Student: 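Sharing a structure below in structure tokens format, with a few things to ask.
It should be emphasised that the depicted structure is a prediction, and the values quoted were computed from it without experimental measurement. We number each residue from 1, following the sequence as shown.
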Amino acid sequence: MNPYLIVPLLALFLNLSLFTYVLALKGKHRVVHLYLLYSADLSLWIISIVLYWSFLPIHWMPWIFKISSISWLLAGTLFLEFVFAFLSKNPNILLYLLRGLALAIFPIALTTDWIIGGVERKYWGDMLIPGPLYVYGVNVLIVTPAIYAIFLLIFESRKEEIGFRKQCYLLAFGTFLTSILGFLTTVLPRILSKGDLHYPPLSGSASVIQSLCVFIAIAKYGFLEIRLERIALQLYSKLREGVILLSTADELLYWNDSAKEILGFPKSASSPEKLDLGHFLEGFTRKPFTRMDFKKKSDTPAKVIRIDDDMIASTVPMYLEVSKSEIPISGRDVGKVYVLRDITEKKEASEKINMLYSRVVRDLDIAREVQNTITTRDFPGSEKFKIFSYFRPYDHVGGDVLNCAETADGKIEILFADVSGHGISSAMVAAMASISFNVVSRKGSKPKEGLLFTNDLLSSVVTQHFISAMYLRFDPKTLILEYSYAGHHSGLLLRKGETLGLPGKGGVLLAIGTPILEDYQIQLQAGDRILLYSDGLFEVRGSKGIPMGNATLVEAVKKLSYQDSDGLIRSLVSYSESFGDGIITDDLTMFCLEISESA
């Protein structure tokens, strides 16, 4: 056996070992794929050297040299492409030119003597006789990529973090050392001896140094394999939530820094062998649960939170939300994963919100009582007429107004109004409108004047709402009904089986300027009914989002008008609720003045 084969065989063994190890890891990164391509090409190059030095029949060797030339022709280009990927740089035109040139020169080397002029047998094996383009090919396809790769590795990594920069310097050193050995043992002797070699060339075998440096670089920087366990541990260590992994016997297998901090362990403290969460959490149970809240045991006194004049104790030192799940560890062993979340601020905020909500509800209840006192519930009545009503606010309080008063001369005055919106602000405006009505109803003014008085009184203080209203004045002696509209939809007159709209119109109150209003009157007859209602009755929406509309409601009134007044009101409310699938979107108020048959 040729003793000189020891050098390429050792290089081949080392390179194939690295190649096999990386291939077995099944790394999916592009850097790993390019390293495998480069390492495979280098292995072919070293195998070629083994064939060169095996003293095969001399007439085989020219073709062996020519066919195997593809391995060293592509080596420089493949390494340069690896460097681009390692630096996360897009390939440039130089790489594409070198790649194309290597593929173009191979047919020339295969079919001519311009690259490989022949073969000469030496004491260590066979040596190629360089053709006229050999030196140019080596310089362009091996030396140039090496120099350019060293330049990129040194200068492109200057702004990177120190760990990555060290790997780039390692690659540059390996490339430089390989190039120097190759130049000193292969290129320089040929130059000095006019193409002849007196010592075994080491250019191919020396490339394993470069391969070893590449392997170290990609291994050190984590390109070889996406290790899910390591990534998961790094991820968990940076989470704000505490993560704890315990065995069935409560042996502590893992916990992150947040878990240590939440439980009160210093980060530098050594981890205990076992961890019983019952020592840290009040009421902690070993029974199965998915998520529960626990108070952390602590000697820290609870601080006091002041909300206006109320004082409550906060939930310090700490409340923790604990999530628990089982996870297979190895074989049949099952571990328990606990995720701890600090919800102290959430608890404190919840208590503050509950306190404020209770106060708001209390205030709303008071506001509702006030509104009830200023909304007419008990109506005057006589043998000549009866009054029926229905009032339901959208929320605790509403913006509808229904006030009725009997004047000294026996006339009945009614304010039926709807403040825009609903809720507390609308209820406040409604209350002011009711107070205004109590003032104006004593004056015995015309309906138009009563509405204008309300507009003038409230316009200076109410800026975000407007009022649609109807003011009525009924004389039981003459059965004359006077009324005025202020932007409200028409009231209905139910007479002898017919449903008619009360004619008239007028501008809304509290809008721009003074509204244009008119007084109207109608002579009522025995058995007539006047029906007024707020828009909450017909603004409900059906299942497809289509609103009912006033016209649909009027048709329903026509069909239901045979009922008595109380039954008619209840039926219309039920009809509206059914149309809107039980969802009412605004305050709902109804008023019915019924003239007796004997009047």
Side-chain angles (χ1 to χ4, degrees), residues 376 379 381 384-394 398-404 412 414-418 447 468-474 479 481-506 520-544 546-597 599:
T376 303
F379 298 94
K384 293 186 176 182
F385 69 92
K386 290 182 181 180
I387 294 177
F388 303 86
S389 68
Y390 180 88
F391 178 76
R392 188 173 77 185
Y394 173 74
D400 285 356
V401 179
L402 176 56
N403 284 99
C404 182
I412 306 300
I414 301 108
L415 174 64
F416 191 94
D418 183 3
S468 64
M470 197 174 172
Y471 199 112
L472 303 92
R473 193 176 189 197
F474 172 62
L479 300 184
L481 178 68
E482 299 176 275
Y483 60 92
S484 181
Y485 283 108
H488 204 274
H489 52 268
S490 298
L492 299 179
L493 169 62
L494 281 63
R495 173 179 289 173
K496 297 179 180 180
E498 292 185 302
T499 301
L500 309 170
L502 288 177
K505 61 181 179 178
Y520 303 91
Q521 74 173 31
I522 184 173
Q523 178 67 55
L524 298 180
Q525 302 174 9
D528 286 350
R529 286 185 287 181
I530 300 295
L531 181 65
L532 308 180
Y533 49 90
S534 62
D535 55 11
L537 194 63
F538 59 80
E539 285 185 347
V540 293
R541 294 181 176 272
S543 57
K544 296 183 179 179
I546 301 175
M548 177 196 294
N550 190 34
T552 303
L553 180 64
V554 172
E555 291 299 319
V557 173
K558 292 179 180 179
K559 296 177 181 179
L560 299 171
S561 61
Y562 66 89
Q563 300 182 14
D564 59 46
S565 298
D566 191 41
L568 174 62
I569 289 176
R570 289 198 305 269
S571 296
L572 290 176
V573 172
S574 298
Y575 178 77
S576 178
E577 290 178 337
S578 299
F579 189 94
D581 293 329
I583 299 175
I584 301 296
T585 59
D586 202 351
D587 305 321
L588 203 159
T589 306
M590 299 183 69
F591 172 85
C592 182
L593 171 64
E594 179 182 305
I595 308 301
S596 301
E597 293 288 347

Student: Looking at OH of Tyr520 and CG of Leu472, how far apart are the two atoms once the value is rounded to the nearest 0.5 Å?
Tutor: 13.0 Å
Student: Donor-acceptor pair, distance only, cut-off 3.5 Å: does the side chain of Ser468 make one with the backbone of His488?
Tutor: no
Student: Kindly indicate whether the side chain of Leu479, heavy atoms from C-beta on, has any atom under 4.5 Å from the side chain of Phe474.
Tutor: yes
Student: Is any side-chain heavy atom of Ile595 closer than 4.5 Å to a side-chain heavy atom of Gln525?
Tutor: no
Student: Measuring from atom CG of Asp587 to atom CG of Asp535, what distance do you get when rounded to the nearest 0.5 angstrom?
Tutor: 9.0 Å
Student: Heavy atoms, side chains only, cut-off 4.5 Å: are Tyr533 and Leu553 in contact?
Tutor: yes
Student: Within the 4.5 Å heavy-atom criterion, are Leu524 and Leu493 side-chain neighbours or not?
Tutor: yes
Student: In terms of the angle between their ring planes, are Tyr575 and Phe579 parallel, tilted or perpendicular, with boundaries placed at 30° and 60°?
Tutor: tilted
Student: State whether the side chain of Ser534 and the backbone N or O of Thr589 hold a donor-acceptor pair below 3.5 Å, judged by distance alone.
Tutor: yes
Student: Do Ser576 side-chain atoms and Leu572 backbone N/O form a donor-acceptor pair below 3.5 Å?
Tutor: no
Student: Please lay out, stage by stage, how Arg529 and Ser565 fare under the test side-chain contact (heavy atoms from CB on, under 4.5 Å).
Tutor: CA-CA 8 Å; Arg529 286 185 287 181; Ser565 298; 3.0 Å; yes
Student: Please report the interatomic distance CG(Leu481) to CG(Asp528), rounded to the nearest 0.5 Å.
Tutor: 10.0 Å
Student: When rounded to the nearest 0.5 angstrom, what is the spacing between SG in Cys404 and CD1 in Ile414?
Tutor: 5.0 Å
Student: Classify the angle between the aromatic ring planes of Phe591 and Phe416 as parallel (below 30°), tilted (30 to 60°) or perpendicular (above 60°).
Tutor: tilted
Student: Hey, are Arg495 and Glu498 close enough for a salt bridge, meaning a charged N less than 4.0 Å from a carboxylate O?
Tutor: no
Student: Hey, could you give me the OH/CD distance between Tyr483 and Gln521, rounded to the nearest 0.5 Å?
Tutor: 9.5 Å
Student: Can you confirm whether Phe379 sits close enough to Ile412 that some side-chain heavy atom of one is under 4.5 Å from a side-chain heavy atom of the other?
Tutor: no
Student: What heavy-atom pair brings Gly491 and Leu532 nearest, and what distance separates the two atoms?
Tutor: CA-CD2, 3.7 Å
Student: For a quick test of reading the model, state the closest non-hydrogen atom pair linking Gly527 to Glu597 and the distance between them.
Tutor: CA-OE2, 3.6 Å
Student: Rounded to the nearest 0.5 Å, what's the gap from OH on Tyr390 to CG on Asp400? Could you check?
Tutor: 11.5 Å
Student: Please determine whether side-chain contact (heavy atoms from CB on, under 4.5 Å) holds for the pair Phe538 and Val554, giving the CA-CA distance in whole Å, both sets of side-chain angles, and the decisive distance to 0.1 Å.
Tutor: CA-CA 9 Å; Phe538 59 80; Val554 172; over 6 Å; no
Student: Is there side-chain contact between Leu568 and Cys592, with at least one heavy-atom pair below 4.5 Å?
Tutor: no
Student: Measure across Val573 and Leu537 and return the closest heavy-atom pair with its distance rounded to 0.1 Å.
Tutor: CA-CD1, 4.3 Å
